[in-house]
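Read the structure below first, then the notes.
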Amino acid sequence: MSIENIVATVTLDQQLDLYAMERSVPNVEYDPDQFPGLIFRLESPKVTSLIFKSGKMVVTGAKSTEELIKAVKRIIKTLKKYGIKITGKPKIQIQNIVASANMHVHVNLDKAAFLLENNMYEPEQFPGLIFRMDDPRVVLLIFSSGKMVITGAKREEEVYKAVKKIFDKLNELDCIKPIEEEEELEI
Amino acid sequence: RWRKWQIRARIQSSIDRNLAQAMNELERIGNLLGLPKSVKDEAALIYRKAVEKGLVRGRSIESVVAASIYASCRRIKIARTLDEIAQYTKANRKEVARCYRLLLRELNVEVPVSDPKDYVTRIGSLLGLSGATMKLAAEILEKAKNAGLTAGKDPAGLAAAAIYIAALMNDERRTQKEIAQVAGVTEVTVRNRYKELIQELKIEIQNQ
DNA sequence: ATTTTACTTTGCAAAGC
DNA sequence: GCTTTAAAAAGTAAAAT
């Protein structure tokens, strides 16, 4: 199981002059007619930040909480380096965690679509079965390969719980079949 | 008391006006698609439920009508793609698809998972193929399903490939291009599904 | 005819139209 | 509702080679 993307909001309790930032900070995109936020891309950790004049920002692309915190520190350090005055410490809130996982089994999506509640399986529109779980409140995209995407979580713990729960549930409903040729891993 | 009656009457007349307009749209699109009365009636029932639950607010009547028609086709197993239905509306496929998903989530409309076999009849008759060939295509699809080859794949593409194979075997050969065209998928998709089917099901085709 | 690039689906925040 | 950002899954599509 691996976390693929974390979306977080950062609150700096101060107003920001985005026009001034566009002039002094290199490699930023700001087109208020297109979108009210200024786009700032950090190379390492590789994240993208949307900065608003209210002093709030959205940081996307981090693959772990540690990476997210490091990225926020570096973004603020970079802004300060180019003369943007920032006071106080940022409040970071994780809003969404996107993860992927592999159950290493084959899933019978037709059967799962019949037996699971709150699911949608429309292969003409998307190859995965969409399952909305109530607890933890997340959405899973389940593929016949046994791989899946988990989204909507606010804590890593919810991701682990959801993966365990869906595996047990699919197992109970007899929608899972082992993959006979567990190939690969050549040297 | 009067207030309550007035509010109810006002809401009812608003629903009636909406329904009247929707039924015209339904009739128009349904006829352009050449749908039987049963499908139009079913779609009308679904649309009525949607209006009564207030699902049409903020959405165009036309796109909800199109979504109702699609849901009805799926229930009655009349193979029609979202694109075919959306082409007669001002809304695009994406908007009709989102309305359709809304109907699935908010109404108690049971729609079975689409079966590639439902596309065989339509594609086969559009190409003027024999019943035997369509039957063979359906058998190929049944084997494919049992072999776990159909999960997540576009049923129209699977049906197109099965028909291509069945037609070859029965000496009624059609090109991948013409099959792809009536199935509403690309030649590449027909080719990919075809390769997978003959390989995994070990189908041998003698006719060149 | 293959490869690359791009779009489909899901979740979420930000400010403004 | 829309706009913008990010990322995965597997399928399909369109454009490039």
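Hydrogens, waters and symmetry mates are skipped; everything else that's a heavy atom, side chains included, is used. Here is how names work: the chains are called A, B, and so on, in the same order as the sequence lines, proteins then strands, and each is numbered from 1.
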What is the nucleic acid contact for [X], judged by heavy atoms within less than 4.0 Å: base, sugar-phosphate only, or nothing?
X	answer
A:Ser2	nothing
A:Ile51	nothing
B:Arg98	sugar-phosphate
A:Ser144	nothing
B:Lys195	sugar-phosphate
A:Val149	base

Going 5' to 3' through nucleotides 12-17 of chain D and flagging B where a protein heavy-atom sits under 4.0 Å of the base, S where only the sugar-phosphate is that close, and - otherwise, we get SSS---
Going 5' to 3' along nucleotides 3-9 of chain C, which nucleotides have protein heavy atoms under 4.0 Å from the base (write B), which only from the sugar-phosphate (write S), and which from neither (write -)? -----BB
Taking atom [atom2] of [N] as reference, at what distance in whole Å does atom [atom1] of [X] sit?
X	N	atom1	atom2	value
A:Glu29	D:dT5	CD	P	7 Å
A:Leu18	C:dG16	CG	P	10 Å
A:Leu16	C:dA15	CG	C1'	13 Å
A:Gln95	D:dT5	CD	C1'	14 Å
A:Ile97	C:dA13	CD1	P	14 Å
A:Phe35	D:dT4	CZ	C1'	4 Å
A:Asn102	D:dA9	CG	C1'	10 Å
A:Ile6	C:dC12	CD1	P	16 Å

Take B:Arg59 and A:Asn96, find for each the nucleotide of DNA chain D with the closest heavy atom, and name the residue whose nucleotide sits nearer the 5' end. B:Arg59
Tell me which of A:Asn5 and A:Gly146 sits closer to the 5' end of DNA chain D, going by the nucleotide each one is nearest to. A:Asn5
When the [atom1] atoms of [M] and [N] are compared, how many Å lie between them, rounded to an integer?
N	M	atom1	answer
D:dA8	C:dA13	P	22 Å
C:dT2	D:dA9	P	24 Å
C:dT4	D:dA6	P	22 Å

Strictly by modelled atom types, are [X] and [Y] linked by a side-chain donor-acceptor pair under 3.5 Å?
X	Y	answer
B:Asn108	B:Lys49	no
B:Glu172	B:Ser130	yes
B:Glu62	B:Thr89	no
A:Glu4	A:Ser2	yes
A:Glu122	B:Ser114	no

Does the side chain of [Y] come within less than 4.5 Å of [X]'s, by heavy atoms?
X	Y	value
A:Lys169	A:Cys175	no
B:Lys153	A:Pro123	no
B:Val190	B:Lys177	no
A:Phe143	A:Leu109	no
A:Leu129	A:Leu116	yes
A:Glu156	A:Ile3	yes

Side chain of [X] only, please: which of [options] is the nearest?
X	options	answer
A:Lys53	C:dT2, C:dG16, C:dC12	C:dG16
A:Thr151	D:dT5, C:dA13, C:dT10	C:dT10
A:Lys147	D:dC2, D:dT5, D:dA10	D:dA10
A:Ser54	D:dA6, D:dT4, C:dA14	C:dA14
A:Ser145	D:dT5, C:dA14, D:dA10	D:dA10
A:Phe52	C:dA14, D:dA8, D:dA6	C:dA14

Strictly by ring pair (Phe, Tyr, Trp, His ring centres under 6.0 Å), give each pair with a member in residues 34-72 of chain A just once, sequence neighbours left out. A:Phe35-A:Phe52
Which pairs count as ring pair (Phe, Tyr, Trp, His ring centres under 6.0 Å) when at least one residue sits in residues 60-95 of chain B, sequence neighbours excluded? B:Tyr70-B:Tyr100
Strand DNA chain D as a dot-bracket string - pairs counted if Watson-Crick or G-U with both distances under 3.5 Å, | where the partner lies in another strand: |||||..|.||||||||
Answer yes if the ring centres of A:Tyr121 and A:Phe126 are under 6.0 angstrom apart, and no otherwise. no
For B:Arg48, I'd like to know if atom CZ has over 12 heavy atoms of other residues, nucleotides or ligands within 6.0 Å. no
Within 6.0 Å of CD in B:Gln21, more than 12 heavy atoms from elsewhere: no
Is the phosphate of C:dA1 approached by B:Arg191 (side-chain N or O, under 4.0 Å from OP1 or OP2)? yes
Hey, does the side chain of A:Ser100 come within less than 4.0 Å of D:dA9's phosphate (OP1/OP2), counting only N and O? no
Sorted by number, residues from residues 106-118 of chain B placing a heavy atom under 4.0 Å from DNA chain C are none
